Amino acid sequence: MGLFTKDIKTMEDLFQHELQDIYYAEHQILKSLPTMIDKATNRDLATALRNHLEETNKQVDRLDQVFKKLDMQPKGTDCPAIDGIIKEADATAGEIDDKQVLDAAIVANAQAVEHYEICRYGTIIAWAEELGHDEVVRLLTTNLNEEKAANTKLNTVALRKGVNRKAAS
Ligand SMILES: [Fe+2]
Ligand SMILES: [Fe+2]
């Protein structure tokens with residue numbers, strides 16, 4: 001299914017497209033997190049990313065359950081948005097030699113990913129409720145809450161744990 005092709009006729013089609021979009025996005029995130037973890041110097045940052053990698057694996061399992069409950073085959077659809085966020089993250093990270101500045105960049109890049117996911121899950125949950133797919137709302141909400149918590153954790157790492165301060169000094 002192409003992006004906004006005529007294949008999307010109904011709200012249900014749009015909902016399913018969005019589910020496939022986040023499914024693809026979660027898989028791309030699973031691939032990119034290990035690189036971010038490798039590049040991170042700050043221990044709190046590396047731990048936060050490592051924990052979120054574990055969570056992301058579970059999120060994909062939950063999405064598999066969502067597809068099953070909806071009698072859909074789990075599959076992704078290209079999501080140029082997440083590809084772009086990851087591509088830009090790799091590009092900036094590749095240009096930074098200073099390890100502490102790199103940590104600040106990794107936090108910022110990871111937060112861009114989390115915000116993307118928060119926005120997508122928020123929409124999908126609202127649409128699931130509207131379309132009467134109550135059986136998948138809890139699973140999707142668990143994922144949304146983990147994305148929010150990951151974003152909050154990254155904020156703490158940047159501000160309270162001193163990643164930004166060290167990068168600026
Ligand atoms: Fe996720
Ligand atoms: Fe996430």
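Please read these numbers as outputs of a predicted model, since none were measured by experiment. Numbers here are sequence positions counted from 1. Ligands are counted one by one from 1 in listed order, and the atoms in each one are counted from 1 as well.
In this model, no donor atom of one side chain and acceptor atom of the other lie less than 3.5 Å apart for Glu147 and His115.
Residue Thr56 does not count as close to the Fe ion (ligand 1), with no N, O or S atom under 2.8 Å. The nearest N, O or S atom of Glu114 is closer to the Fe ion (ligand 2) than 2.8 Å. The nearest N, O or S atom of Glu26 is not closer to the Fe ion (ligand 2) than 2.8 Å. For residue Glu147, an N/O/S atom approaches the Fe ion (ligand 2) to within less than 2.8 Å.
When all heavy atoms of Leu159 and Arg165 are compared, the pair lying nearest together is O-NH2, 3.8 Å.
Within 6.0 Å of atom CD in Glu88, 12 or fewer heavy atoms from other residues, nucleotides or ligands are found, so the atom counts as exposed in its surroundings.
A parallel orientation is assigned to the rings of His133 and Phe15, their planes being inclined by less than 30° (bins at 30° and 60°).
When distances from the Fe ion (ligand 1) to the N, O or S atoms of Glu117 are compared, OE2 comes out shortest.
Electrostatic pairing of Glu26 and Arg62 does not count as a salt bridge here, judged by no charged N lying under 4.0 Å from a carboxylate O.
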